[in-house]
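In what follows, a single structure is set out as structure tokens and then discussed.
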Amino acid sequence: QAHFVESGGGLVQPGGSLTLSCAASGIWSGRNPDNFAIGWFRQAPGKERELVSCIAGGHDDTIAYRNSVKGRFTISRDNAKNTIYLQMNGLRPEDTAVYYCAGGILAFCDHHLSEDDYDVWGQGTQVTVSS
């Protein structure tokens, strides 16, 4: 039922920008729990997967960012299009990773950036920052 599809990745020079999109189907119908959340994760080769940013998918509008991307990345959603975006500016080589959109009805988004209970995942989109 729930299905996420990421797009927008690619090759960009340091300092450049990309916007990722996540088409999320099957999760916006009915009344979502207040603790429903959507997150953007990333995983670089040989490194642990990390939560980059999250946005509440229920009744509140809480947004949170990992410290390493604060001031550079912006998460947003368009409920009419069932789409979540991650605008990435000032990209650095260390931002190179596969980026995933994920969600869960038990996931909770606040400044603690908990990675627990994200159980619906997209296939990922590659972002490469290199000159």
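Expressed to the nearest 0.5 Å, how far OG1 of T74 lies from CE of M88 amounts to 11.0 Å. The line from CZ of F108 to OG of S114 is 9.0 Å long, rounded to the nearest 0.5 Å. Distance check: H112 NE2 to C54 SG gives 11.0 Å after rounding to the nearest 0.5 Å. One finds the CG atom of L20 at 4.5 Å from the CH2 atom of W40 (value rounded to the nearest 0.5 Å). The distance from the CD1 atom of I38 to the CD1 atom of I55 is 9.0 Å, given to the nearest 0.5 Å. One finds the CD atom of Q126 at 9.5 Å from the OH atom of Y99 (value rounded to the nearest 0.5 Å).
A distance-only check finds no donor-acceptor pair linking the side chain of T62 to the backbone of D110 [under 3.5 Å]. The backbone N or O of V129 sits nowhere less than 3.5 Å from a side-chain atom of R92 that would complete a donor-acceptor pair.
For CD of E94, the number of neighbouring non-hydrogen atoms (other residues, nucleotides, ligands) closer than 6.0 Å is greater than 12.
Residues that satisfy the ring pair (Phe, Tyr, Trp, His ring centres under 6.0 Å) test with F73, not counting sequence neighbours, are absent from this structure. Listed by chain and number, the residues in a side-chain contact (heavy atoms from CB on, under 4.5 Å) with A23 amount to none (sequence neighbours excluded). Scanning for side-chain contact (heavy atoms from CB on, under 4.5 Å) contacts around Q123 gives V5, E6, with sequence neighbours left out. R72 is linked by a salt bridge (Lys or Arg N to Asp or Glu O under 4.0 Å) to D95, counting only residues two or more places apart in sequence or in another chain. By the side-chain contact (heavy atoms from CB on, under 4.5 Å) test, S130 is found to be paired with L11, T128, residues two or more places apart in sequence or in another chain being considered. With sequence neighbours excluded, the residues forming a salt bridge (Lys or Arg N to Asp or Glu O under 4.0 Å) with E50 are R42, R66, listed by chain and number. Here K70 pairs with N67 under the side chain to side chain donor-acceptor pair (under 3.5 Å) rule; sequence neighbours left out. In this structure, D116 has no side chain to side chain donor-acceptor pair (under 3.5 Å) partners at least two apart in sequence or on a different chain. Shown here are the side chain to side chain donor-acceptor pair (under 3.5 Å) partners of S7, two or more places apart in sequence or in another chain: there are none. Under the rule for a side chain to side chain donor-acceptor pair (under 3.5 Å), the partners of S17 that lie at least two apart in sequence or sit in another chain are N89.
Taking all atoms of both residues into account, the shortest heavy-atom contact from A64 to C109 is N-SG, 4.1 Å. Between A24 and I84 the shortest heavy-atom distance is CB-CD1, 3.9 Å. Closest non-hydrogen pair, S53 versus I75, comes out as OG-CG2, 3.3 Å.
Within the hydrophobic cluster formed by Ile, Leu, Val, Met, Phe, Trp and Tyr side chains joined at under 4.5 Å, directly or through other members, L113 is accompanied by F41, L51, V98, Y100, Y118, W121. Grouping Ile, Leu, Val, Met, Phe, Trp and Tyr by side-chain contacts under 4.5 Å, direct or through others, leaves Y85 on its own.
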